[in-house]
Amino acid sequence: MPVAASQTADDVDGLFNFMLTIATGLFFLVEGTLIVMAIKFRRKPGDQTDGPPVEGNVPLEIVWTAIPTVIVFILAIYSFEVYNQMGGLDPEASQGANANQIAHHHHHHHTIGMGTMVAMDSGQDLALGLGVEPNQDPAIAPLEVDVNGIQYAWIFTYPETGVISGDLHVPVNRPVKLNIKAGDVIHAFWLPEFRIKQDAIPGQDSVMAFTPNRVGNYPIICAELCGSFHGGMKTTLYVEEESQFQQWIQDNTFAQNADLEEAIALNGSQALTPGEYLQPYAAEMGVGAETLAQLAAHSASQTPVPAP
Ligand code: CUA
C-alpha cells in the first residue's frame, strides 16, 4: 500500500486489513481441511467399494450459512460506517459546509397556476461523490477548488483567487472540497495515497472532499480509459504548510494577473479561446500541445446543453 496521507486513508486501510484477515483465515481453514481430508480419506490399495452415501446434513448447513451471514453483516456495517466518515452518504452536504447549508437542504417550492405546489430540486443539489466528513469542524471553511478533466489533463481553478494551475496545491490539515467536471468524456480523479476516487462525468458535476494530514507530493491519476493518451493524464498534488501554500497562491495570482493584463492589451478586440488563453502557461502547467488543440476544438464545437 502507498502511504496513507489522510485519516480517511487510515480508515479505508483498517477496513481493508480487516477483510484481508478474515479472507486469509477462511482460505487456510478451507484449503487446510481440503488437504487433510484428501489425505485421510484417500482410497486404500485394493479397496474397490463405494463410499458411504452421505446426503444432506441440516445442522452443518445451518452453521455454514449462519457464519458467512454474520461476517457479511459485520462487514456491511463496518464499511457503511467508513463510507459515512468519508462523507459518501451525503455528498450534497458539501454544497453548504457554510451558510447556505439550510437553503440547499430544503426543497424550493413553486406555486404554479391554480395553486399547484411543485417541489423541485435545483440541479446543484444532486451531487455525486464524497462530501464533507460528518466529524468535520463546521467553523473551518473547506478550500474549494474546481477541477476540470479534459483529454488529457486536469485543470485546477481556485475560485477565490482565480488562480489556474495544472497541478493541485493544498494546505495541510484543512478540508479540501473539489468540484469535479469533465469537458469531453468520462475521466476518473484518483488519489491513491488518500484511497479516494471519483468519476468526472460530462454534464453531471461531482464532488470529492478530503483532509490531508501529511505534507508531501502525491500522484493524481486518471483512472478511467479516456482515449489514446489516458496513460499520460496524471499530475501532482502538493500538500504544503499553510505559509508555503499562501506563497504559492500569491506568486500565481501576480504572475497570472500580469500575463492577463498583457494579453488583454495585445488582444483587446478579440476574444481568446481557452486554448489560446492557456498557451503562455502550457509549459508551466505540464499541458501538452495536443491538449491545447483539444481545448480549442472542444470550445469551437461546444453546443449548449439543454437544461434538464
Ligand atoms: Cu482521463 Cu483517462
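Since this is a predicted model, take the numbers as computed values, not measurements. One-based numbering, in listed order, for ligands and for the atoms of each.
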Once you round to the nearest 0.5 Å, how far does NZ of Lys181 lie from CD1 of Ile150?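 Going from NZ on Lys181 over to CD1 on Ile150, the span is 14.0 Å.
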
Could you tell me if the ring centre of Phe245 sits under 6.0 Å from that of His169?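 Not close enough - the centres of the two rings lie 6.0 Å or further apart.
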
Can you tell me the N, O or S atom of His187 that's nearest atom 1 (Cu) of ligand 1? ND1

Does this structure show an ion pair linking Arg195 with Asp13, if we count only N-O contacts that are shorter than 4.0 Å?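 Here Arg195 pairs with Asp13 in a salt bridge, since their nearest N and O are under 4.0 Å apart.
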
Opening angle between SG in Cys222 and ND1 in His230, taken at atom 2 (Cu) of ligand 1, to 10 degrees: 120°

Where atom 2 (Cu) of ligand 1 is the vertex, angle from Glu224 O to Cys226 SG to 10°: 110°

Can an N, O or S atom be found in Met233 less than 2.8 Å away from atom 1 (Cu) of ligand 1?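 Yes - counting backbone and side chain alike, Met233 has an N, O or S atom under 2.8 Å.
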
Let's go through Leu128 and Ile201 carefully: what are the C-alpha distance in whole Å and the side-chain angles of both, what is the deciding distance for side-chain contact (heavy atoms from CB on, under 4.5 Å) to 0.1 Å, and is it a yes or a no? CA-CA 10 Å; Leu128 290 177; Ile201 307 160; 3.8 Å; yes

